[in-house]
Structures are given as structure tokens and as C-alpha cells.
Amino acid sequence: DNVNSFLNAEGKVVYLTTDSITFRGNKPFINLNNDIDTFISLDINGLEQIENENFKIQNTRQIKLLGLPSAGSVINVKYLY
């Protein structure tokens, strides 16, 4: 995880993080380390994916891929929490 913190306009500490996951199986769910406050991006092997076309945010800690990448693919999810 790569985490950065800063103050937003209201003075609240906000954390920017990227969860990197190596895809190993055939299940389309990605479980995140933190609750998503604001989603920023998702890429697979560096290729940007489109929400509701390539993936859906299931809840604050889980994303569902709408297609399965090759085993060993690296999935990066960037978000604020």
C-alpha cells in the first residue's frame, strides 16, 4: 500500500491509498483494505478500467470485476478513505 494524507477544504484528514492486488483465481471480487470514501481509479496491468463497464463498486470494501483478467494480472485500486 502507498498512503498519502492531507487536509481537505473542511480541515478533515483524508488518506489517499492504492491497493495493489495480483489476480490469482477465477473469482471476480476484489476486497479492499479500507472503506472507500471517494473512488478515484482502477487499472489492470496499467490499463484504466471504466466503472459500470469493466467493474462495479459492490460496497465500501468490495469491487466486482465484470470480466476476469489473466492470472497474474496486477490490479490497482486508488481511492480516498
Side-chain angles (χ1 to χ4, degrees):
D1 290 355
N2 180 15
V3 179
N4 294 298
S5 63
F6 53 94
L7 293 177
N8 67 12
E10 291 80 37
K12 177 185 173 191
V13 176
V14 179
Y15 299 95
L16 172 66
T17 190
T18 302
D19 286 1
S20 293
I21 301 107
T22 301
F23 187 75
R24 301 210 184 275
N26 58 3
K27 297 190 186 207
F29 297 100
I30 299 169
N31 295 310
L32 302 173
N33 294 325
N34 305 287
D35 289 326
I36 297 172
D37 176 67
T38 304
F39 174 81
I40 297 175
S41 67
L42 183 146
D43 73 73
I44 299 175
N45 296 328
L47 298 173
E48 187 86 20
Q49 303 298 300
I50 300 169
E51 188 174 358
N52 296 319
E53 190 173 309
N54 303 113
F55 68 93
K56 289 188 178 196
I57 298 172
Q58 294 291 100
N59 56 54
T60 60
R61 284 211 179 213
Q62 190 176 69
I63 292 174
K64 180 181 181 183
L65 300 175
L66 300 179
L68 297 179
S70 301
S73 293
V74 177
I75 302 167
N76 295 300
V77 182
K78 187 177 283 189
Y79 58 98
L80 298 175
Y81 72 97

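Values in this document were obtained by computation on a predicted structure and should not be read as measured data.
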Under the side chain to side chain contact (heavy atoms under 4.5 Å, CB included) test, which residues partner Leu66, sequence neighbours left out?
-> Lys56

Ile50 meets the side chain to side chain contact (heavy atoms under 4.5 Å, CB included) criterion, sequence neighbours left out, with Glu53, Asn54

Check the pair Val13, Leu7 against side-chain contact (heavy atoms from CB on, under 4.5 Å), reporting the backbone distance first and the verdict last.
-> CA-CA 5 Å; Val13 176; Leu7 293 177; 3.6 Å; yes

Look up atom CG in Leu32 and atom OG1 in Thr18, then write down how far apart they are to the nearest 0.5 Å.
-> 11.0 Å

Check whether any side-chain N or O of Asp19 sits under 3.5 Å from a backbone N or O of Asn33 as a donor-acceptor pair, and report yes or no.
-> yes

From Ile30 CD1 over to Ile57 CD1, what is the distance, rounded to the nearest 0.5 angstrom?
-> 10.5 Å

Please, which pairs that meet side-chain hydrogen bond (donor to acceptor under 3.5 Å, both in side chains) have at least one residue in residues 57-75, sequence neighbours excluded?
-> Asn31-Gln62, Asp35-Thr60, Asp35-Arg61, Asn45-Ser73

For Asp37, side-chain hydrogen bond (donor to acceptor under 3.5 Å, both in side chains) partners two or more places apart | none

One should read off an interatomic distance between Leu42 CG and Gln49 CD, to the nearest 0.5 angstrom, of 6.0 Å

Interatomic distance, OG1@Thr38 vs OH@Tyr81, rounded to 0.5 Å, equals 13.0 Å

Contact list for residues 34-74, test ring pair (Phe, Tyr, Trp, His ring centres under 6.0 Å), sequence neighbours left out | Phe39-Phe55

Return each pair, listed once, that meets ring pair (Phe, Tyr, Trp, His ring centres under 6.0 Å) where at least one residue sits in residues 57-76; pairs must be two or more places apart or across chains.
-> none

With sequence neighbours excluded, give me every salt bridge (charged side-chain N to carboxylate O under 4.0 Å, His left out) pair touching residues 38-50.
-> none

Pairs touching residues 70-81 that satisfy salt bridge (charged side-chain N to carboxylate O under 4.0 Å, His left out), sequence neighbours left out = none

Any link between Ile40 and Phe6 through a network of hydrophobic side chains (Ile, Leu, Val, Met, Phe, Trp, Tyr) touching at under 4.5 Å?
-> yes

Shared ILVMFWY cluster between Tyr79 and Val74, side chains joined below 4.5 angstrom?
-> no

One should read off an interatomic distance between Ile21 CD1 and Ile44 CD1, to the nearest 0.5 angstrom, of 10.0 Å

Measure the CD1-CD1 distance between Ile75 and Ile63 for me, rounded to the nearest 0.5 Å.
-> 9.0 Å

Smallest heavy-atom separation, Leu68 atom then Phe23 atom, equals CD2-CZ, 3.9 Å

